[in-house]
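Please read the structure below before turning to the comments.
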Protein chains: 2
Amino acid sequence: MTAVKCESPKLDNERILALKDAIELLSGKWKFCILLNLYSLGTMRFKDLMETSNGITPKVLSKELQELEENLLITRTVNNTKPVTVSYAITPHAIETQAVINALIEFGLKHRKKIKGK
Amino acid sequence: MTAVKCESPKLDNERILALKDAIELLSGKWKFCILLNLYSLGTMRFKDLMETSNGITPKVLSKELQELEENLLITRTVNNTKPVTVSYAITPHAIETQAVINALIEFGLKHRKKIKGK
DNA sequence: CTGGATCCTAACTGATACTG
DNA sequence: CAGTATCAGTTAGGATCCAG
């Protein structure tokens, strides 16, 4: 997703703003993938994410991680190792996104059945 | 959103595919807005959607509606009126997306509090 | 009223190479 | 190892005008 537009004059404004925010926070080709990896597999390093996020380039991964960090969804910690390593982990706050992802997966699964059934 | 990439070798593939599908179905700057309008306000005509979707252009609205229809999330019915009118309504299947939208709104609301609290 | 056709731009994405 | 820099391609989205 990108910048979401949704100013319907007839609907509750606060909820719409919240919806917009949520979508924008999670928009991006890889955000869900990264979040899913992080809370399925736990803390990961840049390199690990490069490997599990099949096809991503360092530049893009870097950008996605920065955006997630700005939005307090993940933490970035630099480790005192010989070759410097960096660990990424989701914040407690980001656990809320699990509900979103689960809802999306549920919907996706049902939709797949629907399509296949045709 | 656009074409979502998420082929993590370490995660359950079917769920990831479902996630990808769901995101792609709902991607686009206005999809959520249109769906929200349709199941908050009921069946609407093209003109109505133009008005409630503040700032959308007919071309974009048309495209979004077509995509939603292709994915069986809305129905399009042409009415036998003097100047032709067209009604759009969500399908029963699309009601599943409410869970997604609600989850997004919930997350968005919590996130706003988090940010404001700082 | 309901769109389709054109043109255009900004943003996202990718490939490649390079640095602390 | 963990990125940044540069360059180039694609595309979603908007402006405007036109048509059934």
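Proteins get letters first, then strands, A, B, ... in listed order; numbering begins at 1 in each.
Nucleotide D:dT4 holds its C1' atom 14 Å from the NZ atom of A:Lys63, rounded to whole Å. Rounded to an integer number of Å, the gap from A:Leu61 CG to C:dC12 P is 17 Å. The CD1 atom of A:Ile23 sits 12 Å away from the P atom of D:dG13 (whole-angstrom rounding). The separation between A:Met50 atom CE and C:dA15 atom C1' is 12 Å, rounded to whole Å. One can place NZ of B:Lys29 at 12 Å from C1' of C:dT9, the figure rounded to the nearest angstrom. Residue A:Ile56 contributes atom CD1, which lies 13 Å from atom P of D:dT4 at whole-angstrom precision. One atom, CH2 of A:Trp30, and another, P of C:dG14, lie 6 Å apart when rounded to the nearest Å. Rounded to an integer number of Å, the gap from A:Arg45 CZ to D:dG3 C1' is 14 Å.
Around atom CZ of B:Arg112, more than 12 heavy atoms belonging to other residues, nucleotides or ligands sit under 6.0 Å away. Within 6.0 Å of the CD atom in A:Glu14, the count of heavy atoms belonging to other residues, nucleotides or ligands does not exceed 12.
For the pair B:Ser62 and C:dG4, the criterion of a side-chain N or O lying under 4.0 Å from OP1 or OP2 is met. For A:Gln66 and D:dG3, the shortest distance from a side-chain N or O to OP1 or OP2 is not below 4.0 Å. Distances shorter than 4.0 Å separate some side-chain N or O of A:Lys47 from OP1 or OP2 on D:dC1. Within the 4.0 Å cut-off from OP1 or OP2 of D:dA2, not a single side-chain nitrogen or oxygen of A:Arg76 is found. For D:dG3, one of the phosphate oxygens OP1 or OP2 lies less than 4.0 angstrom from a side-chain nitrogen or oxygen of A:Tyr88.
B:Asp48 places a side-chain N or O within donor-acceptor distance of the main-chain N or O of B:Arg45, the cut-off being under 3.5 Å.
Nearer the 5' end of DNA chain D, as judged by each residue's closest nucleotide, is the contact made by A:Pro83, out of B:Thr57 and A:Pro83.
Interatomic distance, B:Lys114 NZ to A:Leu72 CG, rounded to the nearest 0.5 Å: 7.5 Å. Atom CG of B:Leu61 and atom CZ of B:Phe46 lie 4.0 Å apart (nearest 0.5 Å).
If you check distances only, the side chain of B:Lys59 never reaches the base of C:dG3 with a donor-acceptor pair under 3.5 Å.
Comment: B:Glu96 engages A:Lys110 in a salt bridge, judged by a side-chain N to carboxylate O separation of less than 4.0 angstrom.
Residues B:Asn71 and A:His111 are in side-chain contact: their nearest non-hydrogen atoms beyond the backbone lie under 4.5 Å apart.
Axis angle between the ends of the helix from C:dC1-D:dG20 to C:dG20-D:dC1, five pairs each and rounded to 10 degrees, works out to 50°.
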